[in-house]
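Owing to the predicted nature of the structure, the values given are computational and were not obtained by experimental measurement. First the proteins, then the strands, lettered A, B, ... as listed; each starts at 1.
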Amino acid sequence: MGREKIQINEEFWDIMPDDYKDLVNHSTYGKTDRGWKDVGSSTELIAEHSLCAGCPESIAFRHIMASMPSPEDTVMVGSTGCTSLVFPMVAVHNIHSLFGNQNAVATGLKRALNVRFPNKNKDVIVLAGDGATVDIGLDMTLQSWFRGERFTTICFDNELYANTGGQESGLMQKGFVAKMAPVGKKFEKVRLPEIARESGCAYVAVLTTSKPSLVERVVRQAVLIAREIGPTYLQIYTPCILEIGKQSMEGLQEMRDAEAAGERFKFREFITPEAQAFIDDMAAKKKAEKLASAAN
Amino acid sequence: MYLVAHVDTSICAETACKLCTQFCPEANTILYDNEKKTAFIATDRCKACEICVSICDNMAKHSAIKMIMITDIENPFELSKSGFRPAEWNSMVRPKLISEKES
C-alpha cells in the first residue's frame, strides 16, 4: 500500500465518514520527517478506543504510531490482550494472530511482502503484551530471532496478565502479589532483553513511555535496523494502573519511578556494531542533506 | 453528568509547552492550535483521567487545566461533530465556562 491507496475515490467523498476524511487530509502519511512533534496539530493514526481512562498503554500506542517511519508501508501484527482492543482503531494495516503466534505470523508476512514487493521497503512490526511474547509465545518469539527474521518485536510489558484480572506472568517482578496470584511470584523477572541480545537481535532497548522523544528515536531506529540488518526488540513498560492499584492520573508517575536509576526499567539499549555503523551512516547522510538544503 | 478537562486558553496562550498534548492517553483529544498558541479539548473524547491536570500543575506549573462538569461549558468542541479542521481553529469560538460569561 502506498499513500495514493489511502486516498478516497472522488465519487465516494461525500458519503465517507468525517473521521476518514480527516485521516486523508490531516494525517502524516507519506511524510519522511514525521514524529511526535506533529501530535496535537495533525490527525493521529489511532482513534477512540476502549482502553481504560489514563491507561499508559494508550500513551505508548500514541507515541509508537507517531514515530513509525512509514505507516503507509507498515503492517502490524497483534496478539490477544488489551492491545487487541486498540488494533481495530488503528489506521495502519494490522493482523490479529492467535495468542502467542504473532512472531510466526509476522515471519510469513515479511517473507511474502519481500516476494511481492522486492523493490520496496515494507516494515512489519509485532506488538504484543508480555504474556504473548514471553509466556505463551516464547517459542515463536525466540525462533524468529534465531532465524534472523527482519522485523521489529515490541513487547508491552505490564508485568502481569492484566486483561484477565491479574495472573502471574513471566515478566512479573519477584515477590509481587497480584489479584489472582496471591502467593507472590517465586522467581525473578525473565531477562528477555538479555536473551534477545544473545539470540541474534541487532538492536534491543528497554524503556518506558514517559519521554516521547526517546520513544520516537528508539522506534525509528528499531524499524530501520530491522529493515536492513536483523531482528530488533523493544520492551516498553506500560503499567496496568488497575492491577497495581493506582489512580488514572498516576500512571505517568509510575513509569517515571520505574525508570529511575537502578530500577528495573532504567533505559538501556544494546546495538550490534553493524547496526551502529548503519545508524551512524544514516545520520551522516541526513546531516549532509540538511547542509546541502541550507546552502541552497 | 460527568467531568471533562477544560483548558483556560488565556493562561495556555502565554506558554508553548504542549506537554498535555504529548501525554494525553487518548488520540486527538487535546488539540493544539498553532495560530492562537493554545491547547483545547475535544470534550467528546475526554475520558477524564486527569493526567493533563497533573501534568499542567506539577510538570509545567501553569495550572491552566481544570476538571469541570460537561454542563458548565458553553459550546464545547466535539471532534465527532466538528471534524479535524486546523484551518478553522483560529476563527473558532472557544469553549467557555458558563460562569465566566456571566461575570
Side-chain angles (χ1 to χ4, degrees), chain A residues 16-27 35-67 86 89-91 209-216 238 241 246-256, chain B residues 2-5 7 12 15-60 65-67 77-90 92:
Chain A
M16 292 305 284
D18 283 345
D19 293 14
Y20 198 96
K21 290 184 205 164
D22 289 346
L23 261 183
V24 173
N25 288 332
H26 303 294
S27 69
W36 63 267
K37 63 179 187 328
D38 302 322
V39 158
S41 47
S42 67
T43 305
E44 289 170 50
L45 305 184
I46 172 170
E48 283 175 294
H49 49 70
S50 55
L51 295 187
C52 311
C55 178
E57 184 172 298
S58 44
I59 306 182
F61 248 107
R62 281 187 76 204
H63 291 170
I64 290 171
M65 300 309 288
S67 355
V86 185
M89 312 300 169
V90 161
T209 179
S210 67
K211 292 189 195 77
S213 52
L214 179 69
V215 178
E216 180 187 315
T238 56
I241 42 178
K246 299 257 176 186
Q247 298 288 323
S248 59
M249 70 292 263
E250 290 169 346
L252 195 58
Q253 192 56 44
E254 165 66 24
M255 289 193 282
R256 297 187 155 209
Chain B
Y2 54 95
L3 291 166
V4 289
V7 181
C12 190
T15 69
C17 70
K18 293 192 187 179
L19 283 176
C20 52
T21 60
Q22 294 166 23
F23 290 109
C24 176
E26 299 305 310
N28 291 322
T29 300
I30 305 187
L31 307 165
Y32 197 84
D33 183 345
N34 282 322
E35 298 286 320
K36 287 196 173 173
K37 305 271 178 230
T38 169
F40 62 101
I41 313 265
T43 50
D44 57 338
R45 295 188 152 213
C46 179
K47 287 182 183 170
C49 65
E50 299 187 30
I51 283 185
C52 52
V53 179
S54 83
I55 281 170
C56 201
D57 290 355
N58 304 327
M59 254 166 88
I65 309 183
K66 298 267 178 296
M67 300 307 295
F77 179 81
E78 291 184 29
L79 198 73
S80 56
K81 285 184 189 160
S82 319
F84 194 94
R85 299 194 182 86
E88 293 168 24
W89 288 349
N90 193 25
M92 191 184 88

Subject >> Atom pair OG (A/Ser50) and NZ (B/Lys47), whose distance is rounded to the nearest 0.5 Å >> reply: 6.5 Å
**OP:** Please round to the nearest 0.5 Å and tell me the distance separating atom NZ of A/Lys37 and atom CD of B/Gln22.
**Re:** 12.0 Å
**OP:** Dump the intermediate steps for side chain to side chain contact (heavy atoms under 4.5 Å, CB included) on B/Glu26 and A/Arg62, then the final yes or no.
**Re:** CA-CA 8 Å; B/Glu26 299 305 310; A/Arg62 281 187 76 204; over 6 Å; no
Original post:
For chain A, which of B/Phe23, B/Trp89, B/Tyr32 has the most heavy-atom pairs under 4.5 Å?
Top reply: B/Phe23
Original post:
Say you draw a straight line from CD of A/Gln247 to SG of B/Cys49; how long is it, rounded to the nearest 0.5 Å?
Top reply: 11.5 Å
**OP:** Tell me, out of A/Lys21, A/Gln253, A/Glu44, who's got the most heavy-atom pairs with chain B below 4.5 Å.
**Re:** A/Glu44
Original post:
For A/Ser248 and B/Ala48, which heavy atoms make the closest approach, and how far apart are they?
Top reply: OG-O, 4.4 Å
Subject >> Contact class of B/Leu79 relative to chain A, heavy atoms under 4.5 angstrom >> reply: neither
Original post:
Considering only heavy atoms, which portion of B/Cys46 lies under 4.5 Å from any heavy atom of chain A: side chain, backbone, both, or neither?
Top reply: neither
Original post:
Between B/Asn28 and A/Asp22, does a side chain to side chain contact (heavy atoms under 4.5 Å, CB included) hold up when you go through it step by step?
Top reply: CA-CA 11 Å; B/Asn28 291 322; A/Asp22 289 346; over 6 Å; no
Original post:
Tell me, side chain or backbone of B/Asp44 under 4.5 Å from chain A's heavy atoms, or both, or neither?
Top reply: backbone
Subject >> Atom pair CD (B/Glu50) and CD (A/Glu250), whose distance is rounded to the nearest 0.5 Å >> reply: 10.5 Å
Original post:
Is the backbone N or O of A/Val39 less than 3.5 Å from a side-chain atom of B/Lys18, with the two atoms forming a donor-acceptor pair by type?
Top reply: no
Original post:
At a heavy-atom separation under 4.5 Å, does A/His63 approach chain B through its side chain, its backbone, both, or neither?
Top reply: side chain
Original post:
Would you say the side-chain atoms of A/His26 pair up with the backbone N or O of B/Pro86, donor to acceptor, closer than 3.5 Å?
Top reply: no
**OP:** Give, for atom CE of A/Met249 and atom CE of B/Met67, the distance between the pair rounded to the nearest 0.5 Å.
**Re:** 8.5 Å
**OP:** Check whether B/Ile30 gets within reach of chain A through its side chain, its backbone, both or neither, counting any heavy atom under 4.5 Å.
**Re:** backbone
**OP:** Among the options B/Asn58, B/Val53, B/Ile51, B/Thr29, pick out the one with the most heavy-atom pairs lying under 4.5 Å from chain A.
**Re:** B/Ile51
